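Numbered from 1 within each chain, the chains take letters A, B, ... in sequence-line order. Not measured: the values here are computed from a predicted model. The analysis underlying the following values was restricted to heavy atoms, covering all of them including side chains, and did not include hydrogens, waters or symmetry mates.
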Amino acid sequence: MSEQQQIRREKLEKLKEMGRNPFEVLKYDVTHHTDDIKDNFDEMDGKDVAIAGRIMSYRDMGKASFCDIQDRNGRLQVYIKMDEIGEEEYEIFKTYDIGDIVGIKGFVFRTRRGEISVHVKELKLLCKALQPLPEKWHGLKDPDLRYRQRYVDLIVNPDVRETFIKRTKIIAGIRRFLDDRGYLEVETPILSTIASGAAARPFQTHSNALDIDLYLRIATELYLKRLIVGGFEKVYDMGKNFRNEGIDIRHNPEFTMIELYEAYTDYHGMMELMENMIATVCKEVNGTTKVMYQGVEIDFAPPWNRITMMDAVKQYAGIDFKEVNTDEEAREIAVRLKLQDELKKKLKDCTKADILNAAFEAYAEKHLIQPTFLMDYPVEISPLTKRKNDDPTMTERFEAFVFGREVGNAYSELNDPIDQRERFDQQAKEKELGDDEAYEMDEDFMNSLEIGMPPTGGLGIGIDRVIMFLTDSYSIRDVILFPTMKPIDNK
RNA sequence: GACUCACUAGCUCAGUAGGUAGAGCACAUGACUUUUAAUCAUGGUGUCCGGAGUUCGACCCUCCGGUGAGUCACCA
């Protein structure tokens, strides 16, 4: 234990001996927060208040001291004078440390230097901090410590607190937007015997009661569609999904996703919904639809750009896939565009769809900086999506891109049970060929489609990524309070 | 998974041809009754991420391991 920790423990012991154990305090009646006082000083001047918060710094002037007290909304200076609280109380106060939590009763005033302050008449220690806080000027910088001890990060780095308050507002804004439009928020299972609805490896667990393996959900899609079958018409589930894959600045194993489904509309309806929703929420939390993200201005005002995947590849890679008729021709183009490293399969196994997708990712994706709906994906990589009536090799699907990153994915939902079964069968073949992320067949979902699902539009949005843009956060870890970390293997 | 970088006091960081370490804040003691990164004086902080090796001697060089960050790969 460090010297500083020992000294704090000794101070606590002395307080206990005096019958002033701060941990016996049950409650404290707070009348004001620091911003109430600072924002309304003219009314508050001279009034009595009771505030509570953490001591963040102090300036000891001998028989008088100044402290900065931090509560949920900010900091306020308090002035403590020996003449006011008495010599004995003042001596006890001098044992208080940065990090301790105190309750203060006093009156509001302005110091000679103009700082709005509280003149303390009564002071009570509500919690003794046994560990010192990081340095007052530089704060806590070490990313490892910041993520592992987010509580310290939140105390000493005000912008972190701002980001997470904004996160809460964004999520509340999304709910309000959808609720106002007649959407029903529902909860679908997190534990399930089949993890389907997306291409990802699941986390596995085990039920002792049922003695079966269960998976944590990778998507909510197949359950929400069952609810459309059940007649709810507009539903959404916003919550955690879990994918057992790589961790980087855009991926955390558990992340927040919203999926929403609306009967009797299609992917065009989903485009309008998404662009209006993000613009509305952005304006609510930032006052404008424009944000600066990592130095680049992004404007979420609708309408967003709309371009098909084929047109994007034509524009940025110079290849018109409408004129590519065979897989063989596509493979020649793959060689010409130097796509071999981008392809997941061996070139000879690649279809036109694989190569179109790879060409998009290699040449076009990085150009989609302003919000853009990339429309119409090959059927092979879209197993839950309706085909386009004028081209059955393509589907009515879009992904939304911002800053070259995917933030949303939407379909005109496939409701033809016969086609859907063929798509799952195709996925099963892919799985046999070694693609362990192929979509799992879900027989009960198939049954629901046979009961009958109306034409439906569906949309999924990576909430954490949206929050990154609206808060100018570089890493997904900066918008997740407790990102997934390896434990420290000490001793 | 591969590569690069980082890890030194509670925090932010210096550091050395290889000779067991420093600063600021914080802490302790004292002075100061309107200061605000308060000031002034004095003082002590330590498994230099862990382990092994090379060496008379390792914070520093080599190897193995840990954790984190970044890039790539993977990934809607």
If I pick the [atom1] atom on [M] and the same atom on [N], what distance separates them, to the nearest angstrom?
{"N": "C27(B)", "M": "G15(B)", "atom1": "P", "answer": "27 Å"}
{"N": "A17(B)", "M": "A28(B)", "atom1": "C1'", "answer": "39 Å"}
{"N": "A26(B)", "M": "U36(B)", "atom1": "P", "answer": "14 Å"}
{"N": "C7(B)", "M": "U62(B)", "atom1": "P", "answer": "15 Å"}
{"N": "A9(B)", "M": "U45(B)", "atom1": "P", "answer": "14 Å"}
{"N": "A58(B)", "M": "C49(B)", "atom1": "P", "answer": "15 Å"}
{"N": "C72(B)", "M": "C13(B)", "atom1": "P", "answer": "25 Å"}

Looking at every heavy atom in both [X] and [Y], which two are closest together, and how far apart are they?
{"X": "Thr34(A)", "Y": "Asn73(A)", "value": "OG1-C, 4.0 Å"}
{"X": "Ile298(A)", "Y": "Tyr293(A)", "value": "CD1-CB, 3.9 Å"}
{"X": "Ile37(A)", "Y": "Val118(A)", "value": "CD1-CG2, 4.3 Å"}
{"X": "Glu413(A)", "Y": "Leu384(A)", "value": "OE1-O, 3.6 Å"}

d([atom1], [X]; [atom2], [N]) in whole Å:
{"X": "Met1(A)", "N": "U47(B)", "atom1": "CE", "atom2": "P", "value": "14 Å"}
{"X": "Ile155(A)", "N": "G10(B)", "atom1": "CD1", "atom2": "P", "value": "18 Å"}
{"X": "Tyr151(A)", "N": "C11(B)", "atom1": "OH", "atom2": "P", "value": "12 Å"}
{"X": "Ile247(A)", "N": "A69(B)", "atom1": "CD1", "atom2": "P", "value": "9 Å"}
{"X": "His251(A)", "N": "G1(B)", "atom1": "NE2", "atom2": "P", "value": "17 Å"}
{"X": "Lys94(A)", "N": "C27(B)", "atom1": "NZ", "atom2": "C1'", "value": "15 Å"}
{"X": "Leu140(A)", "N": "U12(B)", "atom1": "CG", "atom2": "C1'", "value": "10 Å"}
{"X": "Asp153(A)", "N": "C11(B)", "atom1": "CG", "atom2": "P", "value": "14 Å"}

Tell me every residue that passes ring pair (Phe, Tyr, Trp, His ring centres under 6.0 Å) with [X], counting only those two or more places apart in sequence or in another chain.
{"X": "Tyr147(A)", "result": "none"}
{"X": "Tyr223(A)", "result": "none"}
{"X": "His268(A)", "result": "none"}

Would you say the side-chain atoms of [X] and [Y] include a donor-acceptor pair closer than 3.5 Å?
{"X": "Thr308(A)", "Y": "Asp311(A)", "value": "yes"}
{"X": "Tyr90(A)", "Y": "Ser65(A)", "value": "yes"}
{"X": "Asp68(A)", "Y": "Ser57(A)", "value": "yes"}

Which of these nucleotides, [options], is closest to any side-chain atom of [X]?
{"X": "Arg477(A)", "options": "G70(B), C75(B), G10(B)", "value": "G70(B)"}
{"X": "Ala64(A)", "options": "G68(B), C27(B), U33(B)", "value": "U33(B)"}
{"X": "Ser2(A)", "options": "C74(B), U33(B), G10(B)", "value": "G10(B)"}
{"X": "Tyr79(A)", "options": "C27(B), A73(B), U34(B)", "value": "U34(B)"}
{"X": "Lys141(A)", "options": "A26(B), U12(B), U71(B)", "value": "U12(B)"}

Salt bridge present between Glu440(A) and Lys431(A) (N-O < 4.0 angstrom): yes

Indicate yes or no: does Glu13(A) engage Lys16(A) in a salt bridge with an N to O separation below 4.0 Å. yes

Might you work through the ring pair (Phe, Tyr, Trp, His ring centres under 6.0 Å) test for Tyr267(A) and Tyr411(A), ending with a clear yes or no? CA-CA 5 Å; Tyr267(A) 75 150; Tyr411(A) 319 139; 9.5 Å; no

Should the side chain of Glu3(A) and the base of G44(B) be counted as holding a donor-acceptor pair, with the cut-off at 3.5 Å? yes

Given RNA chain B, 5'-ward residue of the pair Thr484(A) and Arg243(A), judged by closest heavy atom: Thr484(A)

Judged by nearest nucleotide, the residue sitting upstream toward the 5' end of RNA chain B, Lys11(A) or Asp144(A), is Lys11(A)

Just the table, please: protein N/O against nucleotides 2-9 of chain B N/O, every pair under 3.5 Å.
none

Close N/O contacts between protein and nucleotides 36-40 of chain B (under 3.5 Å):
from	atom 1	to	atom 2	distance (Å)
U36(B)	OP2	Arg113(A)	NH1	2.9
U36(B)	OP2	Arg113(A)	NH2	3.1
U36(B)	O4'	Arg59(A)	NE	3.1
U36(B)	O2	Gln77(A)	OE1	3.4
U36(B)	O2	Glu115(A)	OE1	3.2
U36(B)	N3	Glu115(A)	OE1	2.9
A37(B)	O3'	Lys136(A)	NZ	3.4
A37(B)	N1	Trp137(A)	NE1	3.3
A38(B)	OP1	Lys136(A)	NZ	2.4
A38(B)	OP2	Arg59(A)	NH1	3.2
A38(B)	N6	Asp60(A)	O	2.7

NA contact type, [X], heavy-atom cut-off 4.0 Å: base, sugar-phosphate, or nothing?
{"X": "Phe109(A)", "value": "base"}
{"X": "Glu245(A)", "value": "sugar-phosphate"}
{"X": "Leu133(A)", "value": "nothing"}

RNA chain B base-pair string [pairs: Watson-Crick or G-U under 3.5 Å; |: paired with another strand]: (((((((..((((.....[..)))).(((((.......))))).....(((((..]....))))))))))))....

Counting only side-chain nitrogens and oxygens, does Arg148(A) get under 4.0 Å of the OP1 or OP2 atom of G68(B)? yes

Indicate whether OP1 or OP2 belonging to A28(B) is found under 4.0 Å from a side-chain N or O atom of Arg8(A). no

What is the glycosidic conformation of U20(B): syn, defined as within 90° of 0, or anti? syn

For this output row, return yes or no: ring centroids of Tyr363(A) and Tyr316(A) closer than 6.0 angstrom. no

